[in-house]
*Asks:* 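Structure incoming, see below.
Numbers here simply count residues along the sequence, with the first being 1.
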Amino acid sequence: MAELAEADEAELQRLVAAEQQKAQFTAQVHHFMELCWDKCVEKPGNRLDSRTENCLSSCVDRFIDTTLAITSRFAQIVQKGGQ
């Protein structure tokens, strides 16, 4: 099999990096779900009571806010590094 051209190799590396980022994000979401579940759900049942629903909602909101803040800060650092 012929060796990959530089452009093909760079594209392959980009795709692998993107897949690694997806896998890392998925792992973080699973970890986050476990944390919120352990924090908010005392007794699993057919329905969630209002306290549990509010707890889960707040937990998700904090996760989203934190993720957005980290992503924004990371983007700022990358932009400064590129200048």
*Asks:* Group every Ile, Leu, Val, Met, Phe, Trp and Tyr by side-chain heavy-atom contacts under 4.5 Å, then state whether M33 and F25 land in the same group.
*Replies:* yes
*Asks:* Does some side-chain heavy atom of E19 sit less than 4.5 Å from a side-chain heavy atom of K22?
*Replies:*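 Contact flag for K22/E19 side chains = yes.
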*Asks:* Atom CD in Q20, atom CD in Q13: separation rounded to 0.5 Å?
*Replies:*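 If I round to the nearest 0.5 Å, the distance is 10.5 Å.
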*Asks:* Examine L68 and F63 and state if one hydrophobic cluster contains both, with Ile, Leu, Val, Met, Phe, Trp and Tyr joined whenever side-chain heavy atoms are less than 4.5 Å apart.
*Replies:* yes
*Asks:* Could you tell me the separation between the CG atom of L56 and the SG atom of C36, rounded to the nearest 0.5 Å?
*Replies:*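 It is 6.5 Å, given to the nearest 0.5 Å.
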*Asks:* To the nearest 0.5 Å, what is the distance between CG on L48 and OG on S57?
*Replies:*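 With rounding to 0.5 Å, CG (L48) is 11.5 Å from OG (S57).
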*Asks:* For the SG atom of C59 and the CZ atom of F32, what is their distance to the nearest 0.5 Å?
*Replies:*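 Going from the SG atom of C59 to the CZ atom of F32 covers 4.5 Å.
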*Asks:* Any chance you could measure R14, atom CZ, to E9, atom CD, to the nearest 0.5 Å?
*Replies:*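 Between R14 CZ and E9 CD, I get 14.5 Å after rounding to 0.5 Å.
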*Asks:* Side chains of T52 and D49: donor-acceptor distance under 3.5 Å anywhere?
*Replies:* yes
*Asks:* Do L35 and V41 sit in one hydrophobic cluster, given that two such residues count as connected whenever their side-chain heavy atoms are within less than 4.5 Å of each other, even indirectly?
*Replies:* no
*Asks:* Counting N and O atoms only, with roles assigned by atom type, does the side chain of T66 sit under 3.5 Å from a partner on the main chain of R62, one being a donor and the other an acceptor?
*Replies:*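 Looks like yes, one N/O pair under 3.5 Å.
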*Asks:* Give, for atom CZ of R51 and atom CD of E53, the distance between the pair rounded to the nearest 0.5 Å.
*Replies:*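 Nearest 0.5 Å value for the CZ-CD distance: 11.5 Å.
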*Asks:* With a 6.0 Å cut-off (strictly less than), is the heavy-atom count around CD of E42, excluding the residue itself, greater than 12?
*Replies:* no
